[in-house]
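Take a look at the structure set out below.
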2 protein chains.
Amino acid sequence: MASSARRRVLLRDVAEHASVSSATASLVLGGRDVRVSEDTRQRILRAARELDYRPNLMARSLRTQVSSTIGLVADTIITGHYGGDIIRGALTASLEHGHRLLICESEGDPKLEPVLVDDLVARQVDGILFTTASHDAVELPASLGDQRVVLVNCESTPALPSVVPDEVEGGRAAARLLTDAGHRDGIVLVGETLARKLPAQRRLQGLLDVLAAADTDFADRIDCPWWPEAAFDALTAALAAGLRPRALVCLNDRVALGAYQALAAAGLSVPGDVSVVSFDDSELASWLRPALSTIGLPEFEMGRTAVDLLLGSDPPSGVVRLPMPVRERASIAPPSSR
Amino acid sequence: MASSARRRVLLRDVAEHASVSSATASLVLGGRDVRVSEDTRQRILRAARELDYRPNLMARSLRTQVSSTIGLVADTIITGHYGGDIIRGALTASLEHGHRLLICESEGDPKLEPVLVDDLVARQVDGILFTTASHDAVELPASLGDQRVVLVNCESTPALPSVVPDEVEGGRAAARLLTDAGHRDGIVLVGETLARKLPAQRRLQGLLDVLAAADTDFADRIDCPWWPEAAFDALTAALAAGLRPRALVCLNDRVALGAYQALAAAGLSVPGDVSVVSFDDSELASWLRPALSTIGLPEFEMGRTAVDLLLGSDPPSGVVRLPMPVRERASIAPPSSR
DNA sequence: TTGAAAGCGCTACCAT
DNA sequence: ATGGTAGCGCTTTCAA
């Protein structure tokens with residue numbers, strides 16, 4: 001409606017149009033409309049509507065010292081499926097809080113991190129979310145200073161508030177899926193468990209917990225990077241060397257994909273000959289045949305929770321461990337009676 | 001170093017510390033340091049460093065009417081792998097331009113779109129990127145008004161500046177992969193080609209171009225949604241009905257996954273019995289065995305190009321079609337001499 | 001119940 | 001070469 005050449009309409013214009021001061025106009029348009037007569041209130045509202053007034057949020061922020069913006073710095077989380085749902089969760093929660101997300105990627109460049117953080121601070125964000133694609137321990141840029149910050153999918157020492165998956169309990173759940181189906185023998189772990197990899201260590205701990213409680217243990221462990229090809233190669237070699245697993249615990253879905261391929265190549269069926277359980281619940285898990293039973297990453301909830309914490313009234317603290325959802329599908333069966 | 005309880009240091013403080021006016025301080029700290037003596041310049045720089053001065057970008061923006069922020073509204077692009085690289089491309093380019101990205105997701109809710117756009121405008125973004133997960137024609141919220149905007153992976157009428165994949169040429173490339181390998185007979189298309197789906201129509205057009213030029217055509221077309229399970233079911237049924245394809249053109253990688261599974265179930269090998277070519281170049285493509293030859297989506301470049309256009313000196317116009325990269329892997333072989 | 005005026009922290013104009 | 005000062009568009013005392 002409004003001619004596009006016209007200059008932006010200001011609060012002052014609305015006030016003038018309604019024959020009030022801009023102070024009063026600000027009051028009612030800001031929703032803090034105590035102490036103003038119903039009549040003037042309506043006049044102002046109507047004027048704003050007629051002129052199609054849009055407040056300049058920068059000006060407001062400068063005055064109020066609140067930007068209703070939160071900064072999110074990720075290492076490389078938006079790539080390759082991982083982490084995308086963290087952002088969606090954060091986006092959803094931000095929207096509910098009336099905030100917007102300023103997103104940066106450091107591309108894993110440690111030089112870039114403080115630069116990005118500085119810039120966000122300069123832009124007056126109300127808080128910062130710091131997140132990584134894979135659950136990890138991180139060094140934080142000193143420039144984070146006394147900003148309000150919560151870590152997502154990573155942890156730091158000294159401990160800053162953070163939200164991560166409850167990997168230990170996830171590990172337990174995975175093992176339970178197998179033991180509940182009756183598995184005790186020939187359970188083999190696929191995927192390396194490096195000491196510095198938090199998810200590996202914790203999933204393993206949970207797995208061993210439950211296995212031990214069922215009076216058993218892994219029959220074998222196959223060490224390989226968490227990728228399909230590496231898992232295929234390693235498992236194929238192990239199979240060729242005579243390994244005859246009854247159940248596989250894959251440390252993520254990519255590994256499970258490689259395992260499926262190796263099993264198929266060796267003429268072994270899932271779950272008839274070998275049961276498979278995994279972690280992550282990526283899209284892949286539901287696409288595989290048979291569909292993969294897997295312990296999911298609560299990414300969406302992590303993003304959402306982090307924002308709630310960041311924007312909550314009491315300053316966040318401690319590490320919040322979110323439950324990993326159990327997705328039972330078709331890759332687990334009782335051990336065959338061979 | 002600085003005590004965290006101290007109030008933020010202002011330009012005024014730096015100026016005072018260096019015994020100059022804030023006008024002069026602004027000049028040198030803003031990098032527009034003509035007309036100022038080297039001596040004072042150094043004094044100001046040192047003062048800023050000592051006090052750890054960080055300019056308040058909101059204040060600057062309010063004054064200069066430039067926020068160095070660009071808004072990106074997506075439907076649901078950050079989910080499920082698709083579209084993530086568009087954002088990474090946009091992020092990278094924004095960084096180079098000294099801009100930051102304000103990201104929103106409308107979750108496909110048409111009610112939300114104008115709200116988000118309005119909010120971005122209110123936040124004084126320098127421009128808006130409008131993008132969708134799947135290449136499509138879109139209605140734009142009227143509130144986009146006279147904002148500077150470029151569409152990514154979608155198109156509108158009347159045509160706004162937009163950047164999309166060159167699907168027709170991509171279709172040609174896919175067909176060429178097959179004809180170059182010697183295929184003429186038993187080429188079948190897998191995946192539905194709805195009239196309103198831009199990528200389907202255009203890929204098909206390119207495919208038919210090249211096939212016709214090679215004096216052939218699809219031997220059959222299998223209509224199914226672009227998902228693994230649907231493709232598996234449809235192809236399995238076709239195979240059971242006696243179809244004996246020599247080559248498959250799958251309209252995306254998910255369909256190709258379903259096709260691989262159906263082929264394997266029917267005892268057919270790739271590429272020995274059947275060659276397969278696909279579109280998208282998702283991670284999946286390189287994980288499949290044999291690795292899938294596929295025509296990639298230039299997502300990263302789309303994001304990057306869109307930002308360059310948006311921030312370029314001359315106002316963007318027209319639709320830019322970016323080449324789809326050809327990823328030759330191991331799923332295509334000459335037709336077997338059966 | 002309302003309005004005048006003083007800022008938020010910065011940049012840009014016009015003096016000197 | 002430098003400084004005083006007037007805004008950017010809003011909110012928030014404080015006085016009327």
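Below, read A as the first sequence line, B as the second, and so on, with proteins coming before strands; counting in each chain starts at 1.
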Q) Could you give the CZ-to-P distance, from A/R63 to C/dG9, as a whole number of Å? A) 10 Å
Q | Listed nucleotide nearest any side-chain atom of A/R12, set C/dT11, D/dC8, D/dT12 | A | D/dC8
Q) Quick one: B/Q65 CD to C/dA12 P, roughly how many Å, whole number? A) 11 Å
**Q.** A/T69 and B/R123 side chains, donor-acceptor separation under 3.5 Å
**A.** yes
Q) So, A/R8 versus B/Q65: side-chain donor-acceptor pair below 3.5 Å or not? A) no
Q. Please give, in whole Å, the distance from C/dT11 C1' to B/N56 CG?
A. 13 Å
Q. Taking for each residue the nucleotide of DNA chain C with the nearest heavy atom, is it B/P55 or A/T40 whose nucleotide lies nearer the 5' end?
A. A/T40
Q.
Please compare B/V20 and B/L62 by the position of their nearest nucleotide in DNA chain D and report the one closer to 5'.
A. B/V20
Q. For residues A/D126 and A/S67, is any side-chain donor paired with an opposing acceptor at under 3.5 Å?
A. yes
Q.
Whether A/Q124 contacts C/dC8 is assessed here as follows: a side-chain N or O lying under 4.0 Å from the phosphate OP1 or OP2. Is that the case?
A. no
Q.
Can you measure A/L11 atom CG to C/dA4 atom P for me and round it to whole angstrom units?
A. 14 Å
Q: Tell me whether the OP1 or OP2 atom of D/dC8 has a side-chain N or O from A/R8 closer than 4.0 Å.
A: no
Q: Find the distance B/E38:CD to D/dT2:C1' and express it as a whole number of Å.
A: 16 Å
Q) Any side-chain N or O of B/T24 under 4.0 Å from OP1/OP2 of D/dG3? A) yes
**Q.** Sole residue of B/L101, B/L310, B/D308 in side-chain contact (heavy atoms from CB on, under 4.5 Å) with B/S94
**A.** B/L101
Q: Considering just the side-chain nitrogens and oxygens of B/Y53, establish if one lies under 4.0 Å of OP1 or OP2 belonging to C/dG9.
A: no
Q: Please state how far atom CZ in B/R32 lies from atom C1' in C/dC10, giving the value in whole angstrom units.
A: 10 Å
**Q.** Whole angstrom value for the distance that separates P of C/dT2 from CZ of A/R41
**A.** 12 Å
Q. Is there a side-chain polar atom (N or O) of B/S22 under 4.0 Å from OP1 or OP2 of D/dG3?
A. no
Q) Can you check whether B/T92 reaches B/R304 side chain to side chain, under 4.5 Å on heavy atoms? A) yes
Q: Using heavy atoms to find the nearest nucleotide of DNA chain C for A/A23 and B/L57 separately, return the residue whose nucleotide is more 5′.
A: A/A23
(Q) Nearest to the side chain of B/S37, heavy atoms from C-beta on, is which of D/dT2, C/dC10, D/dC10? (A) D/dT2
Q) Between A/L27 (CG) and D/dT12 (C1'), how many Å, whole number? A) 9 Å
